[in-house]
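The sequence lines fix the lettering, A, B, ..., with proteins before strands; numbering per chain opens at 1.
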Amino acid sequence: MTTHPLPHRTLPASGQYSAGALFHFTIEHFLLLPLGGLIALAWANTRPESYFTTAYALSFVVNEIGMALFFALITQEIVEEIMPGGALHTWRHWTLPVVGAGGGIVGSAFVYLAYVAWKHEPVLTAGWPVAGAVDLAFAYFIVKAMFRRHAAIPFLLLLAIAADAFGMVAIASRHPFVEIRPGGTALMVAALGLAFALRRWKVRTFWPYLAVCGPLSWGALYLDGLHPAFALVPIVPFLPHAPRSLALFEDTPHGPHDSPRHFEHVWKYPIQGVLFLFGLVNAGVLLSGYGTGTWALLSAAVIGKPLGILAAVGVAVALGLHLPARLHWRDLVVVALATSGGFTFGLFFATAAFPLGPILAELKMGAVATGIGVPLAIGAARLLHVGRFGRHAHHYHEAHRHHGSRDHPPHHAHRVHHAHAEQ
Amino acid sequence: MWAARATFPFEFAILLGDNIYGRQDLVAKFQKPYQPLLDAGVRFFAALGNHDDPDHRFYPAFNMNGQRYYTFVRQTVRFVVLDTNQLDPKQVAWTEDTLRTSQEAWKIVYFHHPLYSDGGRHGSDVELRVVLEPLLVRHGVSVVFASHDHIYERVKPQNGIAYFVEGSSGQLRKGNLRRSDLTAAGFDQDQTFMLVEIAGSEMHFKTISRTGVTVDSGVIGRRSTT
């Protein structure tokens, strides 16, 4: 038998390297949620009884407790963007996107309610906020992928945040489907009072805010018949924060346990797990379960919302407001279409607006189907020669195709030059 | 129905949802057509369907007393009427409590969306089934009526409960029944209604088409309520 000495350094197996990169990519781009949704769709349509039994058993824990962490993360991101020193602090940044968001909500609600009335299904009326939902992460990644560094990105972020904030207010109350019990207000006062005190005492670790104030707030909302998944939204602003510069969902330098970033570093991966379960528990709809709600939601999201955004911004500009520098109307069309995808927030708003039943199933299918907004936005970008499909971007791409190397593929060089061109 | 009442003087009727289609004109689409029965003292107890205005629960002739879900008793029968458009936790808890505390020999539940159906357009609502069926089985429900699919179907007993889909009384979807191992009897060629009589531990039923032809009939035995 012959033996051979092991090499001093062994290279990782190519499978391991790919799996790690794939996992990282999946996490960074919030792909666990649609993955959970795809599994749910397949499961519901092949083994419906076992799927719905499992989903029903998990729905309370996932939707009413787990999602509180997701909304806490979103709230932290938003608070740090808009606080003094943050990229979105000045009101001048806000006005036009908020107007656009308002137009999108009005446009989507109008189309939704008109469709429902036309089909004589008034029981669907309460679902209008679902049509206005914008999947923040998806819209952000679509626009970022197409525009890279561009005024369209903060515009989209503000518009999506405003639209979803309004939707959250519209669906916060779950009465009359749940009991309202006394004591909620007292619990909320206690939660906020304690959070305020912790902030005054300069408690910088997030644990007492999360572990004590959070459950108090959760109990308050639950007793008051409001959606307890929003429990951490009023608490997070009391956490220590540091301003952000348009780094939504992106990694920031790791800090000590009392740093403003510690919360998201600790919870980033568990929240991804929650989102996977959210997709798994909520996106499983029978493909035969489509109905009026499905079509109403889809047409409202894909037609009413973008048209509403464009109309509102058009009126505002006509009245004297200005589009941000380097944001043109063709860019705005793509941004408006990127907001048509409701997915996460659409699913959440649907489950908040309606209890279990065929109405909810129709709307969930509509929310899943709004994913068609992704190819629509990309198609519009190509058609209008916007962002990476712009004519000057094409020339750069052609030029660098002949000068690219293995280590610096042409599209990376293209990105760098394109980024400089946008600035 | 008026003709059938001459030989079978039924006292009340149950409506399984989608009671009014299109423009929600209760006078033109319910009161006038059913005036002879209403004048004869027949009461109607309605469930809400997806095409019904939720405010129909306030319409006096539907006897819903302003509730989306409610219960009433006729002699030895406890009827439980549900709103399956939105099966909220409060309603599920109420249903369990009502069935558990019911002392009547018969428990009959009806609502709009069928837990078992071979209708081609909608079919069985499995999501509702996983929540409702355990309650119904646990608390000795004997019969469930539903509609939503515009056909008539008598489903083979499932876990001891007899299921009927009677969705062709108003609107018919001709040829939409997809017979399967679930089907005990079915009819999708014309509109139908059912006559039901409970005598002791037996429920006698007859399904009659618009032209007066009997398309199904039989006897259902009461489940034990212990």
Side-chain (B:Q171) to main-chain (B:S169) donor-acceptor, under 3.5 angstrom: no
Part of A:Y290 lying under 4.5 Å from any heavy atom of chain B: both
Contact winner vs chain A - B:D53, B:V131, B:T84, heavy-atom pairs under 4.5 Å: B:V131
A:D135 (side chain) donor-acceptor with A:T344 (main chain) under 3.5 angstrom: yes
Chain A contact via B:R129 - side chain, backbone, both or neither, heavy atoms under 4.5 Å: side chain
Mutual orientation of the aromatic rings belonging to B:F72 and B:F79 [parallel < 30°, tilted 30-60°, perpendicular > 60°]: parallel
Side-chain donor or acceptor of B:D149 paired with backbone N/O of B:V165 under 3.5 Å: no
B:N50 backbone acceptor or donor facing B:N85 side chain under 3.5 Å: yes
Heavy-atom proximity to chain A below 4.5 Å, by part of B:H113: side chain
Heavy-atom proximity to chain A below 4.5 Å, by part of B:D83: neither
